[in-house]
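Whatever order the structure lists them in is the order used to number ligands and atoms, beginning at 1.
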Amino acid sequence: MSKISAIYPVFATILAAGLSAGAQDFSQNDGKVAALLSQMTLDEKIGQMVQADCMALTNASEVATYDLGSVLSGGNSDPAAGNTAQDWLDWVNGYKAEALKTRLKIPLLYGVDAVHGHNNILGAVIFPHHIGLGATHDPDLVRQAERVTAQEVAGTGIRWAFDPCVAVPQDERWGRTYEGYSDDTRWVSELGVAAIQGLQGSQLGADPQTVLACAKHYLGDGGTHNGVDQGNTECDEATLRARFLPPYAAAVKAGVGSIMVSYSSWNGVKMHSNKYLLTDVLKGELGFQGFLVSDWAAIDQIAPDYKEDVERSINAGLDMVMIPYGPGQKNNFVEFIQDLKSLVAEGKVAPNRIDDAVTRILRIKFQMGLFDGDATDPALTQAIGSPEHRAVARQCVRESLVLLKNEGHVLPLSRKIGNLVVAGEAADDLGMQCGGWTIDWQGKVGNVTPGGTTLLQAIKTTVSPDTQVRFSADGSDLAGADAIVVVVGEKPYAEMKGDTKKPDLTMDDQMLIARAQATGKPVVTILFSGRPLVLGKALQNSSALVAAWLPGTEGEGITDVLFGDYPFNGSLPRPWPKTDRQIPTLSSGGKCLFPDGFGLKN
Ligand code: BGC
Ligand code: BGC
């Protein structure tokens with residue numbers, strides 16, 4: 001921010017008019033920001049730059065003790081009292097209240113991974129993971145979905161979602177493939193912008209039902225060699241820019257207020273220490289006015305020495321650092337504060353770098369209107385998991401289904417079918433339907449959250465009263481069926497644990513489908529997966545096959561289409577490999593079983 005705009009806010013507006021067309025300007029409060037900054041001690045400034053996980057704090061009062069600017073809940077960091085929306089609201093309000101007890105009463109930003117709905121909270125609506133939204137190819141729908149997510153997040157007092165992931169996954173072996181919309185940069189850019197607009201509203205801060213979005217993970221997280229999570233993206237700068245930068249350019253233009261840096265490296269250099277990409281390209285060239293947050297303990301990976309991690313990451317351009325550890329643990333937030341303080345005293349981190357970081361954080365807090373009060377509208381809390389919200393998710397599910405085969409037009413099924421056997425444990429498992437980042441960090445199998453509908457439940461309520469529906473989890477009881485719906489797929493996983501060398505449908509699943517095929521009756525296979533899986537014999541042994549991705553809690557979105565109330569509309573957001581040898585399979589070329597954009601209509 002220039003001095004002139006600090007003194008005369010009106011100049012800020014005029015200067016902002018020169019910004020690239022359509023970009024949102026966050027500098028209109030820079031006069032207030034500068035005034036506040038001038039009153040802050042170094043401790044207060046550094047405190048703003050800390051984002052501690054709630055589990056790193058022994059007591060919420062540490063927010064006030066250390067003047068913390070932000071707290072997060074990581075994937076497994078739930079409120080001590082329980083996991084309902086009210087538990088979350090009370091918990092978050094406890095931390096926010098502490099920030100208001102500090103000398104300068106700077107409001108706290110609480111952050112959470114709401115990556116497919118407000119997915120840590122019991123009873124919240126779970127949307128399809130991004131790969132499924134990618135299959136809808138529908139920015140308006142993505143905008144609506146994220147609008148609902150924003151309302152559910154705001155309903156728990158939280159005003160910051162670590163979403164959207166705008167990775168452009170280049171290799172199905174990566175366990176985060178499902179967090180990306182597509183392997184096609186243009187679709188990621190378009191749907192990423194829609195997500196940001198849904199979360200933040202048309203103008204960040206104009207509406208208390210919205211939340212701060214966070215485009216992640218900058219830059220090249222989806223391009224690592226062999227799809228290894230947190231790995232190394234090996235390419236020249238032109239490729240890096242062409243493939244991975246456009247979603248960020250579009251996000252900045254759309255006014256994204258925060259961006260999270262990637263664990264990964266580019267040609268051997270950790271992104272968290274890459275000043276050129278963080279400062280010169282993102283803040284300079286693209287004109288990003290918001291703030292950069294680190295990933296979870298990610299700076300710890302830069303060098304063996306933590307103080308060096310702090311120095312190199314802050315000097316590279318990091319504004320806020322996400323710290324999962326508290327006193328008594330390695331690389332904890334108190335150590336971060338002490339290290340950064342001494343680095344300033346030693347002249348290794350310049351005071352104006354600190355001021356720039358804090359200016360960016362305060363700018364967003366002002367822009368969001370947090371200084372004018374941040375009380376939660378009880379109606380928003382009430383509406384978490386409401387039928388209206390579920391209806392939007394249900395629409396997302398039905399638009400995301402991709403029909404890969406429909407021999408003899410077995411689909412749609414008749415509601416009046418006499419005997420329908422539903423086989424496969426995934427048919428009645430909400431956890432498998434939702435995937436990772438659902439209630440638990442890695443997700444889990446079973447009845448993970450109330451209010452959802454498994455596919456089996458949805459089938460039972462959709463068919464005619466005369467239809468017999470029999471469930472056979474292991475597929476041992478298929479006799480007498482007029483048709484068999486087999487539901488198979490991946491067990492839940494998330495980052496790190498989700499990497500695999502062979503993204504294949506398991507032999508057990510393939511055998512289940514083969515057994516169904518042996519009955520001679522129509523076999524409709526529904527696949528739950530976070531990526532295209534090598535199908536083996538499953539395709540030839542199925543009469544119809546539907547890629548349902550990780551659809552979330554609204555199983556009725558599947559029956560809407562299975563029984564013909566709506567047509568199949570989805571198309572592949574990335575190509576589908578036939579064999580492991582075809583992996584990575586990319587839209588940009590090479591052999592595959594189905595190209596991207598493929599999807600039959602029935
Ligand atoms: C993930 C991020 C996430 C953060 C907080 C990290 O491990 O890479 O996507 O936002 O944890 O849970
Ligand atoms: C946390 C996640 C985080 C992960 C990274 C988990 O324990 O719950 O939020 O992303 O650790 O290591």
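- Salt bridge Asp499/Arg173: absent, no basic N to carboxylate O contact under 4.0 Å.
- Under a 4.0 Å heavy-atom criterion, Glu179 is not in contact with ligand 1.
- Against a heavy-atom cut-off of under 4.0 Å, Lys216 is close to the following atoms of ligand 1: 2 (C), 3 (C), 9 (O), 10 (O).
- Residue contacts with ligand 1 do not include Trp441, since none of its heavy atoms lies under 4.0 Å from the ligand.
- The Asp295 neighbourhood of ligand 1 comprises atoms 1 (C), 2 (C), 3 (C), 4 (C), 6 (C), 7 (O), 8 (O), 11 (O), with distances under 4.0 Å to a heavy atom of that residue.
- For the pair Tyr181 and Val142, the minimum side-chain heavy-atom distance is below 4.5 Å.
- Remark: ligand 1 atoms within the under-4.0 Å shell around heavy atoms of Met260 are 2 (C), 10 (O).
- None of Tyr66, Tyr325, Tyr306 except one satisfies the ring-ring contact (aromatic ring centres under 6.0 Å, His included) rule with Phe333; the exception is Tyr66.
- Salt bridge absent: Arg147 and Glu152 never bring a charged side-chain N and a carboxylate O closer than 4.0 Å.
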Let me have the donor-acceptor pairs involving side chains of residues 115-123, under 3.5 Å, with sequence neighbours excluded, atom names and distances please.
{"unit_1": "His116", "atom_1": "ND1", "unit_2": "Phe127", "atom_2": "O", "d": "3.0"}
{"unit_1": "His116", "atom_1": "ND1", "unit_2": "His129", "atom_2": "NE2", "d": "3.4"}
{"unit_1": "His116", "atom_1": "NE2", "unit_2": "His129", "atom_2": "NE2", "d": "3.4"}
{"unit_1": "His116", "atom_1": "NE2", "unit_2": "Trp437", "atom_2": "O", "d": "2.8"}
{"unit_1": "His116", "atom_1": "NE2", "unit_2": "Thr438", "atom_2": "OG1", "d": "3.1"}
{"unit_1": "His118", "atom_1": "NE2", "unit_2": "Thr156", "atom_2": "OG1", "d": "2.8"}
{"unit_1": "Asn119", "atom_1": "ND2", "unit_2": "Asp113", "atom_2": "O", "d": "3.3"}
{"unit_1": "Asn119", "atom_1": "ND2", "unit_2": "Gly117", "atom_2": "O", "d": "3.2"}

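- Every pair passing salt bridge (Lys or Arg N to Asp or Glu O under 4.0 Å) that includes a residue from residues 312-328 is listed here, sequence neighbours excluded: Lys283-Asp319, Glu308-Arg312, Asp319-Arg353.
- Near Trp296, meaning under 4.0 Å from one of its heavy atoms, ligand 1 places the atoms 6 (C), 7 (O), 11 (O).
- With a 4.0 Å heavy-atom cut-off, ligand 1 is reached by the side chain of Arg176 but not by its N, CA, C or O.
- For ligand 1, the polar-atom distance check finds an N/O of Glu495 within less than 3.5 Å of one of the ligand's N/O atoms.
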